[in-house]
Amino acid sequence: MTISVLSVASEAWPLVKTGGLADVVGALPAALAPHDIHLTTLLPAYPAVKAKVGRTRRIHVYDDLLGVKARLLAAKVDDHPFFLLDAPALFDREGGPYGDVGGRDWVDNSLRFAALSRAAADLASAVVGKGFDLLHAHDWQAGLAPAYLRYASPQRRGRPVPSLITIHNMAFQGQFAASLFPSLGLPKTAWSVEGVEYYGDVGYLKAGMASATAISTVSPTYAREIRHGEFGMGLEGLVRARAADVHGILNGIDPAIWNPSTDPLIPSRYSPRTLGKREPNRRAVESAFGLDHDEHPLFIVISRLTWQKGMDVLVDCLDALVGMGAKLALLGSGDPALETAFVTASQRHPGRIGVRIGYDEPLSHLLQAGGDAILVPSRFEPCGLTQLYGLAYGCVPVVARTGGLADSVIDANEAALANGVATGIMVDGVSHDALLHALTRTVKLHRDAPLWQSIQKQGMRADFSWTASGARYASVYRDMVKD
Ligand code: ADP
């Protein structure tokens, strides 16, 4: 039986991306198509999205969507169907999806994403259009959609349209003052601990987790970690209460975009059998970042520069990293203090540390294709994609043992090396000493070229395509529709 799914999110590759969420939402339709599951993706019509989609078809006009005028538009991108919520008062502005050019959150984010969620529930429950078998909401920005389905939408066969909420990062919860509640268009019954109320506020992610038929997160280890306070961040009790409905499904990577043997964004394409062809890419990275051309290990970072990503700990290890003879090329942006710290370190170590502050998709491909090892020392990491790209590109991941990092990398300990299964290096506990220890181990392994190449090849052969994870989502969807 064909299943139709409306997937709703605040970003999706190739239309708008600030992080891993976009990669995953963008990849799901192709991952699910072989399972006879048809996804349509609903996004806000940010100006950048409108500029990219080309022709659109108007399918609905709202005179009053939570107080604003809006239109729903239909479009096709790479043969994949999209709906866009075109609400100029909410989305037509300069800046990013969540904040202004200076990085400050939009003050009306609560309303912007409530409107997106309301439109999603309308589409799923056939208030607008023909309806869908299931709604798949991603993160807090779509968190109210399951609540609208539960409390304020027509039912189907005597029950709300089933919904799945995927948590891509528990750290972002969408918590707003209780005074917002009356403007959300939800009935009074929704204001309870079982509904949208969250420590006296309105919680969007909480509302989604309490209202959805099922919950998923993006790795099995993170699904276990969020049962506890340190990772659950206030929602651990709800995760435990709904344990039977919580699934941990590791993200895949899209081989049409992330494949070193076909990647149009890198100067020299290669496969596990032609690792020597990585050399021109390595040279290109060194040139782009003003680094010395030498044989010493080239570490890379492609990351939001934040506490979550352990970037403060890395800053403290930079002098030692250079002391070991290694080099670093870093691409990222985020916390201004961390940006400054990395730039200062690059000035202190010319030729050894190169820093590019900003967001640059093509450069991120080049770094994976030319770097020796990618550093991901996150304090928590729901899935993490850059280590998966690193594995595919022979850029050996050096990762913290947490969340999806723990689920995707096999540490090069003695047993794993002896058995030829090692794919990376684990950092145990994110501290200065632990990271330093991992860096030292990495530099030592890199000196043994045949051993290093065997680790690279093992990672490149590991299968992190969407085949397995697509099948898991398909089975979760089917169970929800069947129930
Ligand atoms: P998160 O979503 O928490 O930021 P992930 O590892 O899941 O982390 O996904 C990050 C995604 O964003 C990857 O596709 C990565 O390549 C990309 N990315 C992060 N920072 C940059 C940057 N400065 N330039 C280009 N791509 C970046």
Side-chain angles (χ1 to χ4, degrees), residues 9-28 96-98 103 138-141 166-172 217-219 221-222 231 233 249-260 263 265-266 285 288-289 300-311 314 328-335 338-339 342-343 354-371 374-393 395 397-400 402-409 424 464 466 469:
S10 53
E11 50 182 280
W13 180 260
L15 295 177
V16 49
K17 168 170 168 178
T18 71
L21 170 67
D23 289 349
V24 177
V25 177
L28 278 178
Y98 315 114
H138 299 272
D139 273 351
W140 75 263
Q141 292 88 351
T166 297
I167 304 162
H168 296 261
N169 195 336
M170 197 66 127
F172 305 107
T217 187
V218 287
S219 70
T221 294
Y222 195 60
F231 297 96
M233 302 185 171
I249 307 177
L250 197 70
N251 289 333
I253 67 177
D254 187 341
I257 302 169
W258 292 98
N259 180 345
D263 192 335
L265 297 172
I266 61 177
V285 171
F289 284 81
I300 65 156
V301 169
I302 305 160
S303 185
R304 290 187 285 118
L305 303 181
T306 62
W307 182 87
Q308 178 202 331
K309 301 287 181 182
M311 288 294 123
L314 177 59
L328 172 72
L330 175 140
L331 167 65
S333 63
D335 181 343
L338 286 170
E339 291 183 355
F342 281 112
V343 171
V355 170
R356 191 75 69 85
I357 299 297
Y359 193 94
D360 188 331
E361 193 77 23
L363 191 58
S364 74
H365 284 244
L366 177 66
L367 282 163
Q368 297 278 17
I374 178 159
L375 294 171
V376 195
S378 307
R379 287 190 168 86
F380 63 94
E381 194 58 77
C383 177
L385 290 174
T386 58
Q387 87 282 9
L388 299 183
Y389 302 146
L391 288 167
Y393 278 66
C395 184
V398 179
V399 303
T402 187
L405 302 172
D407 290 336
S408 55
V409 174
F464 288 105
W466 273 99
S469 300

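All ligand and atom numbering here is 1-based and tracks the order in the structure. Index from 1, following the sequence.
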Just jot down the side-chain contact (heavy atoms from CB on, under 4.5 Å) partners of Ala9, sequence neighbours excluded, or say none.
Val25, His138
re atom 24 (N) of ligand 1, the protein heavy-atom contact at minimum distance is Asp360 N, 3.0 Å
So the atoms of ligand 1 within less than 4.0 Å of a heavy atom of Gly332 turn out to be 23 (N)
Just to confirm my output: which protein heavy-atom neighbour is closest to atom 21 (C) of ligand 1, and how far is it?
Tyr359 CE1, 3.5 Å
Heavy-atom nearest neighbour in the protein, as seen from atom 4 (O) of ligand 1, with distance rounded to 0.1 Å
Arg304 NE, 2.8 Å
Is the gap between the ring centers of Phe172 and Trp140 under 6.0 Å?
no
Without hydrogens or angle criteria, can the side chains of Tyr359 and Ser333 be said to hold a donor-acceptor pair below 3.5 Å?
no
For Thr18 and ligand 1, does the shortest N/O to N/O distance drop below 3.5 Å?
no
Any N/O pair Gly358/ligand 1 closer than 3.5 Å
yes
Are any of the N/O atoms on Glu361, whether in the backbone or the side chain, positioned under 3.5 angstrom from an N/O atom of ligand 1?
no
Under 3.5 Å, is there a donor on one side chain and an acceptor on the other for Gln308 and Asn169?
yes
Heavy-atom check, side chain of Trp466 versus side chain of Ile253, under 4.5 Å
no
Heavy atom of the protein closest to atom 15 (C) of ligand 1 (residue, atom name, distance)
Thr386 CG2, 3.6 Å
For ligand 1, which is the ligand I care about here, please tell me if Gly20 has any N or O atom under 3.5 Å from one of the ligand's N or O atoms.
yes
Candidate with minimal heavy-atom separation from atom 8 (O) of ligand 1, of Lys17, His168, Glu381, Lys309
Lys309
For atom 13 (C) of ligand 1, which candidate among Val218, Val301, Asp23 holds the nearest heavy atom?
Asp23
Within 4.0 Å of some non-hydrogen atom of Leu385, the atoms of ligand 1 are 5 (P), 6 (O), 7 (O)
Test of understanding: given a 4.0 Å heavy-atom threshold, classify the contact between Ser303 and ligand 1 as side chain, backbone, both, or neither.
backbone
